[in-house]
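Right, one structure below, let's go through it.
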Protein chains: 2
Amino acid sequence: MASSSSSSSSSGTASPCGACRFLRRKCTHDCIFAPYFGSEQGPAKFAAIHKVFGASNVSKLLLQIPPHDRPEAVTTIAYEAQARIHDPVYGCVAHIFTLQQQVAFLQAQLMEAKAHLAQNSNIENIFESAQTMMNMQENTKQKGVFFPSLS
Amino acid sequence: MASSSSSSSSSGTASPCGACRFLRRKCTHDCIFAPYFGSEQGPAKFAAIHKVFGASNVSKLLLQIPPHDRPEAVTTIAYEAQARIHDPVYGCVAHIFTLQQQVAFLQAQLMEAKAHLAQNSNIENIFESAQTMMNMQENTKQKGVFFPSLS
């Protein structure tokens, strides 16, 4: 059952934070979790983190991070936890594998496109050379039509 | 101090596995960690996992995975743990961000290359049309030289 402690969490309310609500413990004014786990949605978010990492490990981790970096840390920890619950074998590493494959595929496509571009550039040069040659031949023929007057 | 239990780990030796050596506990024949953490390199590998996830959480996680998937699970868990120790704020999510940026960059490059290819294809078509036109003009001129005999 959720604690109905009258101690204040950092949100300034009498309600325990989402983590303390989940852990059924008293939420103190210096609770490390309170800024990141609200009383309402917090318990569900914290449940995954607690299951995968453990409250104690996450608490120690957050304490070694400067306060301004903690929101990002909680976001990435929550993401990893959710991913591990969704895919117990690969967790968020599945996402890394997918992205690595996507990078390899795009690199191959880009190389192919660049090879085509280089080929087209050669064809364009050949066309331009042919065009120049034809223009030169055309000019020679036209000049040949008007014989210089021998007067 | 590392346990010097005489109980057999699954490797069939009297040495405790790397995880049990790290945890300083007796390694039983059904130890969930023994197949993945050798007696020598195992303790260092397990230390990161224990620090980030906790031995108990990882044990529960492995028990809910079919045995043939456990080596992959241990590999990804070890990777996540190492990444979180290396980068406490982002962990392996930093790798995901980097790969996402790489994908976005490659997609932009590929779009640009395809746009060039499409442009070149148009230029090529214009060259080909011009070439055809010139050939037709040339043929008309040549035919004009040889007047049909009016005999």
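Here is the naming used below: chain letters follow the sequence lines, and residue numbers restart at 1 for every chain. A quick note: this is a predicted structure, and the numbers were derived from the prediction, not measured.
Across A:Val93, A:Val89, A:Asp87, the residue that shares the most heavy-atom pairs under 4.5 angstrom with chain B is A:Val89. The choice from A:Ile96, A:Asp69, A:Ile85 that makes the most heavy-atom pairs within less than 4.5 Å of chain B is A:Ile96. Contact count versus chain B (heavy atoms, under 4.5 Å) is highest, among A:His95, A:Arg84, A:Gln100, for A:Arg84.
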If you look only at distance, which donor and acceptor atoms sit under 3.5 Å apart when one is on a side chain in residues 42-53 of chain A and the other is two or more places apart or in another chain?
unit_1  : atom_1 : unit_2  : atom_2 : d
A:Lys45 : NZ     : A:Tyr36 : O      : 3.2
A:His50 : ND1    : A:Ala55 : N      : 3.2

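Of all residues in residues 71-81 of chain B, those placing a non-hydrogen atom less than 4.5 angstrom from a non-hydrogen atom of chain A are B:Glu72, B:Ala73, B:Thr76, B:Ile77, B:Tyr79, B:Glu80. Annotation: residues 59-67 of chain A contacts chain B through A:Leu61, A:Gln64, A:Ile65 [non-hydrogen atoms, separation under 4.5 Å].
Under the side-chain contact (heavy atoms from CB on, under 4.5 Å) rule, A:Leu106 has a single partner from B:Gln109, B:Gln102, B:Gln107, which is B:Gln107.
The shortest distance between side-chain heavy atoms of A:His116 and B:His116 does not fall below 4.5 Å.
Rounded to the nearest 0.5 angstrom, B:Leu117 CG and A:Lys114 NZ are separated by 11.5 Å.
Residues A:Val103 and B:Leu110 share a hydrophobic cluster, clusters being chains of Ile/Leu/Val/Met/Phe/Trp/Tyr side chains in contact below 4.5 Å. Put simply, A:Leu99 and A:Phe105 are part of two different groups of oily side chains (I, L, V, M, F, W, Y) that touch within less than 4.5 Å, one to the next.
Here the closest non-hydrogen pair linking B:Asn57 and A:Gly54 is ND2-N, 3.3 Å.
In this view, A:Thr98 satisfies the side chain to side chain contact (heavy atoms under 4.5 Å, CB included) rule with no residue, not counting sequence neighbours.
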